[in-house]
Visitor: 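Attaching a single structure in structure tokens format; questions to follow.
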Amino acid sequence: MATPQVAMCSHCGTHQAALQICSGCVDAPEYQPGDSAETWYCDTGCQRLHRPVHNARCKQLQKRRHLLRSANMLKATITAYRECCAVAVFTKIELVNNVLHLHVDVEESLARKWLYPFAEGLTTNTEHKEMALASNQSAVAAFILSGLTFALLKGISSQLTKLFVDPKPILDWKTIPETTLVGPYPPPHVAILVQLRHEHWVLDVTGCEYGHRETLLPATKFLEEVARRTRTAWTYAGRETTDIDVSRGSVLLRNQRDFWRKELERPLRLHFAAFVKERFGEDAPQNSVKDFLGGTAEEFQGKLDRYVVDLKQYLAEFVQRSYEEAMENQSQQQG
């Protein structure tokens, strides 16, 4: 929460050491420059008297803060998910001529009949690690995170749209060698357009793939700074395994070797969906989302950090069982 400062009371206009701030809407992001300025008061009396004037703006700013924290949570979730379940066996990460080279052992990736985590120690640069984890994952992440996204934004926005754009990279990446295990480059970048009354925001939880750090942007700013052009837009729908389900229904896709790697991931996706349902879905306590996303910035960060630890442990145990079962099956076949 912001510290007391000399400010003008929003009710009586007095300039003094304001001791009371509206905690309900503090830390909300800006839609237009300066439109989320903190609201200060002399005391609780002035705050109470000003409530009829401030109420509508406060509620809108609360929705913005809810959306921002949801975006940060979604990014932390997909990062943790891909740390526990990598899309390929990465062997080296290095920056060469301002392009991030992601070295992949293709044959080993295809040979493994089990899930495996992202290798530790490939880079000490957090941004480079996030780029590797997010590489060509924006479309897949939209499906993996669908249940959590709908749970977090229930009652906040009635309209969610999936945007497919050509990105403006701050930093480029490429796989060495090129492989469809990570995906074709450059892939379309997928983000979610969210409508809050008259405001339009974009959730971009995998923008770090191209060096973009912000997870939530006003739509106009996103289209100016992140997207070169918009390819198409669809209503946001689906579930955690939709991309795998579609691949299973296509004979052409079923014949691809990397499709069978996706099938290995299906149980983990369903396992993750159960985690979300228990914590924030229909099986969760009432107001679980509101309670999680509420509080001061420090309180929310503490809850998010504990959530990530719990999620990683939950997924890592499943991935380890996948490996043990694969080893047991291999042993039985050899015997």
Side-chain angles (χ1 to χ4, degrees), residues 1 21-29 36 39 44 47-48 51-52 54-81 84 141-162 192-197 199 201 203 205 215-216 235-242 267-318:
M1 183 183 294
I21 191 173
C22 180
S23 60
C25 57
V26 71
D27 298 325
S36 65
T39 303
T44 54
Q47 183 174 13
R48 185 173 60 254
R51 188 169 297 148
H54 179 59
N55 193 50
R57 177 175 180 269
C58 186
K59 287 184 176 179
Q60 184 68 3
L61 292 180
Q62 285 179 40
K63 288 184 177 181
R64 290 188 194 173
R65 185 177 68 182
H66 184 113
L67 194 57
L68 176 60
R69 292 182 177 183
S70 296
N72 290 337
M73 182 181 179
L74 289 166
K75 179 184 175 181
T77 299
I78 194 61
T79 300
Y81 182 96
C84 295
F143 292 121
I144 295 174
L145 298 173
S146 57
L148 181 57
T149 302
F150 295 139
L152 294 177
L153 301 187
K154 184 178 181 180
I156 296 296
S157 175
S158 59
Q159 186 172 344
L160 301 177
T161 304
K162 189 186 295 187
I192 307 301
L193 178 66
V194 181
Q195 184 173 345
L196 294 183
R197 295 182 63 190
E199 299 176 1
W201 295 84
L203 290 169
V205 300
T215 58
L216 180 70
T235 298
Y236 186 28
R239 57 183 181 178
E240 288 82 359
T241 60
T242 295
L268 180 66
R269 301 263 192 106
L270 297 175
H271 191 61
F272 167 70
F275 178 89
V276 170
K277 185 177 179 182
E278 181 181 350
R279 294 220 172 188
F280 305 107
E282 27 185 272
D283 295 342
Q286 190 175 12
N287 296 324
S288 58
V289 171
K290 183 178 179 181
D291 292 342
F292 187 91
L293 297 178
T296 65
E298 294 77 13
E299 289 168 344
F300 168 68
Q301 189 59 52
K303 287 181 283 188
L304 182 60
D305 291 342
R306 291 191 294 273
Y307 161 83
V308 169
V309 170
D310 291 346
L311 176 60
K312 283 185 177 181
Q313 181 178 351
Y314 180 85
L315 296 176
E317 289 173 354
F318 190 93

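Residue numbers start at 1 and run along the sequence shown.
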Visitor: Closest approach of Ala80 and Lys312, non-hydrogen atoms and distance?
Guide: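 Where Ala80 meets Lys312 most closely, the heavy atoms are CB-CG, 3.9 Å.
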
Visitor: Please report the closest heavy-atom contact between Ile144 and Phe272, naming both atoms and the distance.
Guide: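 For Ile144 and Phe272, the tightest heavy-atom pair comes out as O-CE2, 3.2 Å.
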
Visitor: Side chains of Leu203 and Leu153: closer than 4.5 Å at any heavy-atom pair?
Guide: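 Leu203 reaches Leu153 side chain to side chain.
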
Visitor: If I take atom CZ from residue Phe300 and atom CG from residue Asp305, how far apart are they, to the nearest 0.5 angstrom?
Guide: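 Atom-to-atom, Phe300:CZ and Asp305:CG are 9.0 Å apart.
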
Visitor: Nearest heavy-atom pair of Phe280 and Ala151: which atoms, and what distance?
Guide: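 Nearest heavy atoms, Phe280 then Ala151: O-CB, 3.7 Å.
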
Visitor: Treating Lys303 as the side-chain partner and Asp291 as the backbone partner, does any N or O pair qualify as donor plus acceptor under 3.5 Å?
Guide: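 At least one qualifying donor-acceptor pair exists.
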
Visitor: For side chain to side chain contact (heavy atoms under 4.5 Å, CB included), just list the numbers for Leu74 and Thr215, CA-CA rounded to whole Å, side-chain angles, deciding distance to a tenth of an Å, and then say yes or no.
Guide: CA-CA 9 Å; Leu74 289 166; Thr215 58; over 6 Å; no

Visitor: Taking all non-hydrogen atoms of both residues into account, name the closest pair between Leu61 and Ala28 and its distance.
Guide: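 Answer, listing the atom of Leu61 first, then Ala28: O-CB, 3.4 Å.
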
Visitor: Could you check whether any side-chain N or O of Arg65 sits under 3.5 Å from a backbone N or O of Asp27, counting only pairs where one atom can act as donor and the other as acceptor?
Guide: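 Checked: no pair found.
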
Visitor: Side-chain donor-acceptor pair under 3.5 Å between Ser146 and Tyr236, yes or no?
Guide: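 No pair is found: no donor N or O on one side chain lies under 3.5 Å from an acceptor on the other.
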
Visitor: Would you call Glu199 and Lys63 a salt bridge, taking side-chain N to carboxylate O under 4.0 Å as the test?
Guide: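 No.
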
Visitor: What's the spacing between Gln301 CD and Arg69 CZ if we round to 0.5 Å?
Guide: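 Spacing of CD (Gln301) from CZ (Arg69) equals 9.5 Å.
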
Visitor: Just how far is it from atom CG of Leu311 to atom OH of Tyr81, taken to the nearest 0.5 Å?
Guide: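 Here the rounded value is 10.0 Å.
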
Visitor: What is the distance from atom OG1 of Thr241 to atom CG of Leu270, rounded to the nearest 0.5 Å?
Guide: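 Between Thr241 OG1 and Leu270 CG, I get 5.5 Å after rounding to 0.5 Å.
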
Visitor: Using a 4.5 Å cut-off on heavy atoms from C-beta on, say whether the side chain of Met73 contacts that of Leu148.
Guide: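 Sidechains of Met73 and Leu148: in contact.
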
Visitor: Give a yes or no answer on whether the side chain of His66 reaches the backbone of Lys290 with a donor-acceptor pair at less than 3.5 Å.
Guide: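 A pair under 3.5 Å: no.
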
Visitor: Once you round to the nearest 0.5 Å, how far does OG of Ser70 lie from CG of Leu293?
Guide: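 Ser70 OG to Leu293 CG: 4.5 Å, rounded to 0.5 Å.
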
Visitor: Which heavy atom in Gln195 sits nearest to a heavy atom in Arg197, and how many Å separate them?
Guide: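 Heavy atoms of Gln195 and Arg197 come nearest at NE2-O, 3.1 Å.
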
Visitor: Would you check if Val289 and Lys154 make a side-chain contact, meaning some heavy-atom pair closer than 4.5 Å?
Guide: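 When only atoms from C-beta onward are counted, Lys154 and Val289 do not touch, as no gap falls below 4.5 Å.
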
Visitor: Parallel, tilted or perpendicular: which fits the ring planes of Phe275 and Tyr314, with parallel below 30° and perpendicular above 60°?
Guide: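 Tilted.
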
Visitor: Counting C-beta onward and ignoring hydrogens, is there a side-chain heavy-atom pair between Thr235 and Leu160 closer than 4.5 Å?
Guide: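 No. Closest side-chain heavy atoms not under 4.5 Å.
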
Visitor: Return the minimal non-hydrogen interatomic distance between Leu216 and Ala71, and the atom names on each side.
Guide: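 For Leu216 versus Ala71, the nearest heavy atoms are CB-CB, 4.2 Å.
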
Visitor: Rounded to the nearest 0.5 Å, what's the gap from NE2 on His54 to SG on Cys22? Could you check?
Guide: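 The distance works out to 3.5 Å.
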
Visitor: Under a 4.5 Å cut-off applied to non-hydrogen side-chain atoms, are Arg279 and Phe292 in contact?
Guide: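 With C-beta onward as the side chain, the pair stays apart.
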
Visitor: Can any side-chain N or O of Arg269 pair as donor or acceptor with the backbone N or O of Thr242 at less than 3.5 Å?
Guide: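 Not confirmed, Arg269 side chain does not pair with Thr242 backbone.
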
